[in-house]
Amino acid sequence: MLLLTCPNCGIAAEETELGAGGEAHITRYGAGSADDDFETYLFMRKNARGVHFERWRHSNGCGKWFHAARCTMTLEVFGTYSAQTFEPPKDLIKKIKKKRPDWEGFVK
Amino acid sequence: MRRYSAFAIAREATRYHTGWERAWRAPEPKKEYDVIIVGGGGHGLATAFYLGKNFGITNVAIIEKGWLGGGNTGRNTTIIRSNYLQDPSAAIYEKARSLYETMSQDLNYNVMFSPRGVIMLAQTEHEIRGYKRTAHANALQGVTTEWIEPAKVKELCPIIELKGPRFPVLGGLWQARGGTARHDAVAWGYARACSDMGMDIIQKCEVTGVEQSNGQVTGVETTKGRIGCKKLGMVVAGHSSALAEMAGFRLPMESVALQALVSEPIKPVMDVVIMANTVHGYLSQSDKGEMVIGGGTDAYNNYTQRGSFHHVEETVRALNETFPMLSRLKMLRQWGGIVDVTGDRSPIIGKTPLGGCFVNCGWGTGGFKAIPGSGWAFAETLAKGEPGELAGAFGMERFIEGRFIDESVAAGVAH
Ligand SMILES: Cc1cc2nc3c(=O)[nH]c(=O)nc-3n(C[C@H](O)[C@H](O)[C@H](O)COP(=O)(O)OP(=O)(O)OC[C@H]3O[C@@H](n4cnc5c(N)ncnc54)[C@H](O)[C@@H]3O)c2cc1C
Ligand SMILES: [Zn+2]
């Protein structure tokens with residue numbers, strides 16, 4: 001079972017306590033934007049094999065959203081961080097890079 | 001190719017079965033093909049088969065990184081039905097179901113198609129309305145289905161408990177001509193027929209790159225070297241995003257794990273297929289006697305071919321309520337497959353931003369039933385360079401146009 005530590009309340013929560021929210025750091029487009037931007041925002045996904053940044057909600061806990069970095073090939077969790085950001089924290093990226101030297105790095 | 005027949009069995013019985021041939025050849029890749037199909041699952045193999053059969057295109061290679069049918073094709077619970085809500089879905093799934101009826105004869109390979117009938121249980125008021133609506137839609141589409149009352153459900157499936165405490169059985173959508181087939185046999189039967197037409201089936205060969213020149217595909221990089229092609233068909237289910245990235249585009253898709261489990265074998269207790277979508281479990285009995293149980297998908301992106309344990313727990317809990325006699329069964333095996341789920345839960349068949357490169361994916365949790373229809377439609381797309389009538393609505397431009405084929409509402413869950 002996946003265990004993620006919620007950065008909002010500090011609890012190490014099991015997967016059944018959490019709601020998965022999909023890919024993180026997606027640029028949002030609203031009414032009036034170009035069709036392909038809107039399509040990219042709503043439907044296009046990296047669906048990465050390997051390092052994946054994603055949104056989670058501590059739904060059966062404090063109720064707040066946060067972000068996690070996880071490997072979709074091994075389920076290894078690299079870390080969790082606040083949702084109030086546009087990109088993953090530098091030290092987390094460094095940590096992942098060390099573990100996965102072949103990783104291309106964070107791309108939007 | 002020597003045909004399989006009762007006579008062949010008798011002949012081989014008299015000579016210690018020394019005369020059986022390999023079902024398909026295992027050649028080294030040629031330098032170039034007219035068409036390369038990436039992915040040796042049911043959809044890839046069926047596509048190759050119909051390229052040859054319907055369009056006479058046989059200079060074809062099917063490239064598979066593992067073994068034939070080792071992806072979702074060999075991992076699914078083999079439910080076949082065509083009672084979908086939307087017209088384009090009903091058309092392609094019904095085409096597939098009808099092709100399943102003659103597949104063993106067409107391929108000279110016993111795929112054990114068993115049209116034993118499928119009931120989709122209604123266990124909430126919402127489902128009653130939904131399934132009645134589907135039954136009406138199916139009547140207009142020419143797909144034979146029927147709304148049945150609980151007593152009829154009990155008659156068709158005596159081991160069911162109608163008055164479960166949480167989710168009583170309120171009726172069901174019955175498709176008498178749905179059923180199951182032997183999943184490996186579908187892949188093997190197509191492979192044997194393709195090989196016989198002169199196509200090359202190349203296993204244990206992973207595609208690692210897509211080569212292009214001036215916006216046109218020219219070949220693929222593989223673990224067995226470069227192989228050239230004029231046209232490329234990507235049919236790799238859960239790995240479609242990875243292939244698309246190699247070709248330089250993205251897909252409206254996410255990959256998640258869907259799991260299934262089987263019980264120890266028991267005497268025949270159930271000769272229909274039951275799907276219980278509200279409680280999320282589906283059930284049939286295999287010819288070996290095992291109860292074959294399909295579970296839920298994990299909610300997060302995953303490529304590990306196993307699923308979360310709590311889904312097994314939820315599925316088994318729900319099924320015990322509806323089939324109390326199952327509670328005494330031991331479960332033998334559990335496994336997962338990586339399914340490719342699109343934004344509207346319908347597949348993508350059609351062109352891509354790269355010229356000569358076509359994609360057939362997004363069958364998600366419910367594509368086994370579609371294999372022959374999908375192969376038929378995608379072969380046409382590859383041969384003509386344009387999708388035909390069956391595939392037309394499934395192009396990925398539907399996401400930018402907002403023209404969804406919304407089966408997520410109709411199917412609710414894994415289907
Ligand atoms: C547990 C479970 C239960 C299911 N139950 C049902 C059901 O009851 N009814 C139903 O209709 N459907 C069901 N499905 C869905 C069904 O299994 C799939 O939709 C269908 O099998 C997909 O077939 P495919 O040929 O597209 O993919 P696959 O069979 O997965 O084939 C894709 C192939 O591509 C290969 N590949 C991937 N990347 C590469 C590469 N880079 N190079 C070369 N080869 C590559 C893979 O190894 C794989 O063999 C279920 C699925 C699962 C997992
Ligand atoms: Zn929390």
Side-chain angles (χ1 to χ4, degrees), chain A residues 1-4 13-27 29 31 33-60 65-78 80 100 102-104 107-108, chain B residues 65 206 208 236-246 249-257 296-314 317 336 338-346 348 352-353 361-362 364 396-404 406 408:
Chain A
M1 182 165 297
L2 212 54
L3 283 176
L4 298 177
E14 290 183 359
E15 176 182 336
T16 45
E17 199 174 322
L18 301 164
E23 187 178 324
H25 309 297
I26 289 174
T27 308
Y29 290 93
S33 53
D35 282 355
D36 45 353
D37 286 339
F38 204 55
E39 182 201 29
T40 304
Y41 155 44
L42 285 179
F43 297 110
M44 294 300 178
R45 296 294 176 262
K46 271 187 246 163
N47 199 15
R49 280 199 298 191
V51 181
H52 192 243
F53 297 94
E54 55 198 17
R55 305 169 76 235
W56 286 86
R57 186 168 170 250
H58 193 186
S59 40
N60 292 328
W65 286 92
F66 63 92
H67 287 170
R70 185 176 60 87
C71 176
T72 59
M73 301 287 279
T74 61
L75 302 190
E76 179 180 2
V77 177
F78 302 112
T80 55
R100 303 285 154 94
D102 292 342
W103 176 51
E104 52 171 2
V107 269
K108 250 202 141 89
Chain B
K65 72 172 175 179
E206 180 170 358
T208 53
V236 294
H239 296 276
S240 300
S241 298
L243 259 290
E245 196 184 342
M246 292 174 202
F249 58 92
R250 272 189 196 172
L251 288 169
M253 175 182 297
E254 291 187 279
S255 298
V256 295
T297 45
D298 286 338
Y300 51 85
N301 298 50
N302 190 350
Y303 285 95
T304 61
Q305 287 191 330
R306 51 176 195 255
S308 291
F309 185 72
H310 69 95
H311 282 301
V312 177
E313 213 177 347
E314 283 156 18
R317 186 199 302 148
I338 300 307
V339 296
D340 37 338
V341 180
T342 63
D344 60 0
R345 301 296 187 273
S346 285
I348 296 170
T352 71
C361 62
M396 80 173 142
E397 63 284 351
R398 73 178 185 269
F399 289 94
I400 202 161
E401 291 166 3
R403 182 181 45 76
F404 308 120
D406 193 351
S408 53

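Keep in mind that this is a model prediction, so the values were computed, not measured. Quick note on labels: first sequence line is chain A, next is B, and so on, each numbered from 1.
- Using a 4.5 Å cut-off between heavy atoms, A/Thr40 makes no contact with chain B at all.
- Donor-acceptor pairing under 3.5 Å is lacking for the side chains of B/Asn302 and A/Thr72.
- You'll find the side chain of B/His239 reaches within 4.5 Å of the side chain of A/Arg49, heavy atoms only.
- Considering only heavy atoms from C-beta on, A/Asp35 stays 4.5 Å or farther from B/Glu401 through its side chain.
- Contact of A/Leu42 with chain B is not made at all, since no heavy-atom distance falls under 4.5 Å.
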Exercise. Between A/Arg45 and B/Arg250, does a side chain to side chain contact (heavy atoms under 4.5 Å, CB included) hold up when you go through it step by step?
Worked result: CA-CA 7 Å; A/Arg45 296 294 176 262; B/Arg250 272 189 196 172; over 6 Å; no
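- Nearest heavy-atom pair across A/Gly22 and B/Glu254 is CA-OE2, 4.5 Å.
- Of the residues considered (A/Met44, A/His52, A/Glu54, A/Met73), A/Met44 shows the highest number of contacts with chain B, using heavy-atom pairs under 4.5 Å.
- Taking the centre of each ring, B/Phe399 and A/Phe38 stay at or above the 6.0 Å mark.
- Applying the side-chain hydrogen bond (donor to acceptor under 3.5 Å, both in side chains) rule to B/Asp340 yields no partners; only residues at least two apart in sequence or on another chain are considered.
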Exercise. Can you list the steps and then say if B/His310 with A/Glu15 is a side chain to side chain contact (heavy atoms under 4.5 Å, CB included)?
Worked result: CA-CA 9 Å; B/His310 69 95; A/Glu15 176 182 336; 3.0 Å; yes
For this session: Could you walk me through whether A/Thr74 and B/Tyr303 pass the side chain to side chain contact (heavy atoms under 4.5 Å, CB included) test, one step at a time?
Result: CA-CA 8 Å; A/Thr74 61; B/Tyr303 285 95; over 6 Å; no
For this session: Please report the C-alpha distance between B/Leu251 and A/Asn47 in whole Å, then the side-chain angles of each, then the deciding distance to 0.1 Å, and finally whether the side chain to side chain contact (heavy atoms under 4.5 Å, CB included) criterion is met.
Result: CA-CA 9 Å; B/Leu251 288 169; A/Asn47 199 15; over 6 Å; no
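- With hydrogens and angles ignored, the 3.5 Å screen pairs a side-chain donor or acceptor of A/Arg70 with a backbone N or O of B/Asn301.
- The contact between A/Met1 and chain B is made entirely by side chain atoms (from C-beta outward), counting heavy-atom distances below 4.5 Å.
- Annotation for B/Glu245: atom CD does not count as buried by contact number, only 12 or fewer foreign heavy atoms lying within 6.0 Å.
- Shown here for A/Ala20 and B/Ala299, the closest heavy-atom pair between the two residues is CB-O, 3.6 Å.
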